[in-house]
Structure formats: structure tokens, C-alpha cells
2 protein chains.
Amino acid sequence: MTTLRSFDDSLPMALLRAREAAMRRFRPLLAEHDLTEQQWRVLRVLASAESPMDVGQIADETFLLGPSLSRILAKLDNRGLVVRRTDPADHRRSVVRLSADGRRLFARIAPDSEQRYTEIEQSFGADRLSNLLVLLKELEDST
Amino acid sequence: MTTLRSFDDSLPMALLRAREAAMRRFRPLLAEHDLTEQQWRVLRVLASAESPMDVGQIADETFLLGPSLSRILAKLDNRGLVVRRTDPADHRRSVVRLSADGRRLFARIAPDSEQRYTEIEQSFGADRLSNLLVLLKELEDST
DNA sequence: ACACAATACTTAACATGTGCAACAATAAGG
DNA sequence: CCTTATTGTTGCACATGTTAAGTATTGTGT
């Protein structure tokens, strides 16, 4: 039988395991606030945006497909965490921003999230972490 | 508002993006053979195993939860790619191995997979790749 | 202006996977 | 034995992935 490179050494698997290890720290925090990973990605990207974002932008930055994102936004909208409006300049687009509640929720989660991130940074090492981030970025760009 | 570290620089997001970039090369190949990522993970791990594996082992190595794995194995079983038998030594366990068809399918996919992996290795650089794999492993262990 | 293509987003429909709880079968320990 | 733990499966509710179709709007060529 053809032997593939060892399963453990495969890059996609290594990336999956590493991500899983990292996310293990954050998942309980998100669960406390009834947020999925994807919902949190959307909230984060909106929180860091200067101005309302259109759906396409959000999709690009969160790595979500249009249909998934539509549903997620509908859910966040129902929960009152985001506000959707038709872009006055282009009625095809809808622009999205955090509501006051959304900002409050984000502000309540962010410090905890930051702390857990710092824990990773400390146990892994800040130097190695920034090294890793550079490599990941380069991998992404080399494709 | 509390500002979290930049969205782009967050480790989980960077890992997600990098994995996505890597998987983009493999997904079309898997799609050709009607395999999901998870199914392929199971086939790979079985292909590299010396002897039949029990379900718990497979779950650990593929990062799949028991219920998901049960269903995936049922599907692969229906397609005739794997064989499930009750472990004679412990009737609670079921042991799984590739069928002859499963081995054939794996053998047909493996060379293509290997080639695409080599492409990544070349465009990213073998040295950086092994460097990255080491860091990922260390991150995983540091948790 | 007008017809037609392109764009942005939504909706629908289906498959897959997650996460939790309940369950059956079996094994292990007092 | 009797109880408890383990292993795997199943059921359920839910979220997402994925493709295709649909709606509204905008852009373009003539």
C-alpha cells in the first residue's frame, strides 16, 4: 500500500490539533454567553470595525460563506446584538453594526478572552508565539 | 470599548486561515472521490494503522467525537470501505479496518494527495514547513 | 432610455457535524 | 452476585457547509 506521510505530521492535521488546543481555552467562555465560535468571530470583527460593515466584508474577514453568515446575522439580529440596515448608497448591500447590547456583551467578554490569550502567550512563550504567527501568515500567503 | 488584540493577529483565527489555505489544495481531490474531510481523516488513520483499531483510538487520533465517528463509520461501512467487527477479546469494543475496496480507494488518492503536499512544501519552503510543524506541536503540548 | 448582464444578499433544501443525554451490552471489582 | 464503570450506539436539537435558486438593485452597452 502506498504510504502517505505520517498522519501525525500532516500539516492540516497539525493545524487542526493546534487550533483545537488553543480553542479549548476559549470555548467555555463563549458557551457561558451562548455564543458559537462563528458568532463570536462576527461580533469581534464588528467590534473592531470603525464603521458599519457590509455583509461581504464580514464574510471575507470571518471566513464564513454568504448563506451561513446570513443565518448568523439573522440570529444575532434577533438577539438584539447587531443592527442591519440597507446601505443608502447601494440598496443591494446591507450594512451591519453592533447594537448597544452587542457592544455591552463584547465588552463583558473581551477582558476574559484577553486573559486567556495571555495565558497561552505565557505558557507557550511570547517569542515563539509571534514567530508562529509570522509563519502562519507566510503559509497563507504562499498559497 | 475594550479593544481586543487585532482580529487578524488572533491565534485561533490565524490557525483557521492557515488551515483553510492548506486545505484548499486538498478539498477538490476529496470531492472527486465523494469524501468529506472527516471521512478522509478516518481512512488515513486506518490506512496507516498496522492492525485494526478500536473506535476510541480512532476518535482520539482523528479528533472526532464518539457520536460523529459512529455515524461516519456507519457510512463508510455502507460504502464498503471499512469493516467493523466486535473485538473478540472485549465484546464492548468494535474494531475497524479498511476493506479491500477501502485500501484500493486510499491507494488511488494517496499519490495525488502526496503531490499536493509536495507543492505546498515547495512553495512554502521545506525548512519553514518543518519549523512550523515543530511550533505547532509545541503549542499543542504547552496546553 | 432600454435590455441585459453582473452584483449583493437572502432563502431554501439537503447533508454533515457537534454536543448532550439516554441506552444497551459487556466487563471489572468488591 | 451485585454494583459500577466502560464502550459504543442512538436520538435529538441545533449550527454550519454547500449548492442552487430567487429578489432586488446597479452597471453597461447600444
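First the proteins, then the strands, lettered A, B, ... as listed; each starts at 1.
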Worksheet item: B/Arg85 has an atom CZ; how far is it from atom P of D/dT9, in whole Å?
Response: 14 Å
Item to complete: Answer with base, sugar-phosphate or nothing: what part of the nucleic acid does A/Ser70 contact at a heavy-atom distance below 4.0 Å?
Response: base
Worksheet item: Just how far, in rounded Å, is P of C/dT18 from CG of A/Leu30?
Response: 17 Å
Item to complete: Describe the nucleic acid contact of B/Ser68 in one word from base, sugar-phosphate, nothing, applying a heavy-atom distance below 4.0 Å.
Response: base
Worksheet, complete the sentence: To the nearest angstrom, the CG-P distance between B/Leu73 and D/dG8 comes to 10 Å
Practice prompt. Please report the C-alpha distance between A/Asp54 and A/Val96 in whole Å, then the side-chain angles of each, then the deciding distance to 0.1 Å, and finally whether the side chain to side chain contact (heavy atoms under 4.5 Å, CB included) criterion is met.
Written response: CA-CA 6 Å; A/Asp54 65 57; A/Val96 186; over 6 Å; no
Worksheet item: Rounding to a whole Å, what distance do you find between B/Glu37:CD and D/dG17:P?
Response: 11 Å
Worksheet entry | Other residues, nucleotides, ligands: >12 heavy atoms within 6.0 Å of B/Arg84 CZ | yes
Practice prompt. Using only heavy-atom distances, decide whether a donor-acceptor pair under 3.5 angstrom links the side-chain of B/Arg71 to the base of C/dG19.
Written response: yes
Worksheet entry | Chi angles and distances behind the side chain to side chain contact (heavy atoms under 4.5 Å, CB included) call for A/Phe106, A/Asp101 | CA-CA 8 Å; A/Phe106 180 81; A/Asp101 275 1; over 6 Å; no
Discussion item. In whole Å, I'd like the distance from the CD atom of A/Gln57 to the P atom of C/dA8.
Written reply: 11 Å
Item to complete: Look at B/Arg84 and D/dT9 and indicate whether a side-chain polar atom (N or O) is within less than 4.0 Å of OP1 or OP2.
Response: yes
Discussion item. Run B/Val83 and B/Val95 through side chain to side chain contact (heavy atoms under 4.5 Å, CB included) and show every step you take.
Written reply: CA-CA 8 Å; B/Val83 177; B/Val95 292; over 6 Å; no
Worksheet item: So does A/Thr36 get a side-chain nitrogen or oxygen closer than 4.0 Å to the phosphate oxygens (OP1/OP2) of D/dA15?
Response: no
Fill in: Smallest separation among heavy atoms of A/Ser113 and A/Leu29, with atom names
N-CD2, 3.5 Å
Worksheet item: Does the side chain to side chain contact (heavy atoms under 4.5 Å, CB included) test come out yes or no for A/Leu11 and B/Glu121, once each step is laid out?
Response: CA-CA 10 Å; A/Leu11 177 62; B/Glu121 203 168 29; over 6 Å; no
Worksheet item: Looking only at side-chain N and O atoms, does B/Arg27 come under 4.0 Å of OP1 or OP2 in D/dG17?
Response: no
Worksheet item: Whole-Å distance between C/dG19 P and B/Phe63 CZ?
Response: 12 Å
Discussion item. Within the 4.0 Å limit for protein heavy atoms, which parts of nucleotides 19-26 of chain D are touched? Write it as a string from 5' to 3', B for base, S for sugar-phosphate only, - for none.
Written reply: BB----BS
Practice prompt. May I ask you to say what B/Leu69 touches in the nucleic acid, namely base, sugar-phosphate or nothing, with a heavy-atom cut-off under 4.0 Å?
Written response: nothing
Practice prompt. Start with the C-alpha gap between B/Glu119 and B/Gln115, add the side-chain angles, then the distance that decides, and say whether side chain to side chain donor-acceptor pair (under 3.5 Å) holds.
Written response: CA-CA 6 Å; B/Glu119 286 169 17; B/Gln115 195 205 322; 3.3 Å; yes
Discussion item. What is the separation between atom CZ on B/Arg93 and atom P on D/dT9, rounded to the nearest whole Å?
Written reply: 12 Å
Worksheet entry | Nearest-angstrom distance from the residue atom CG of B/Asp54 to P of C/dT26 | 17 Å
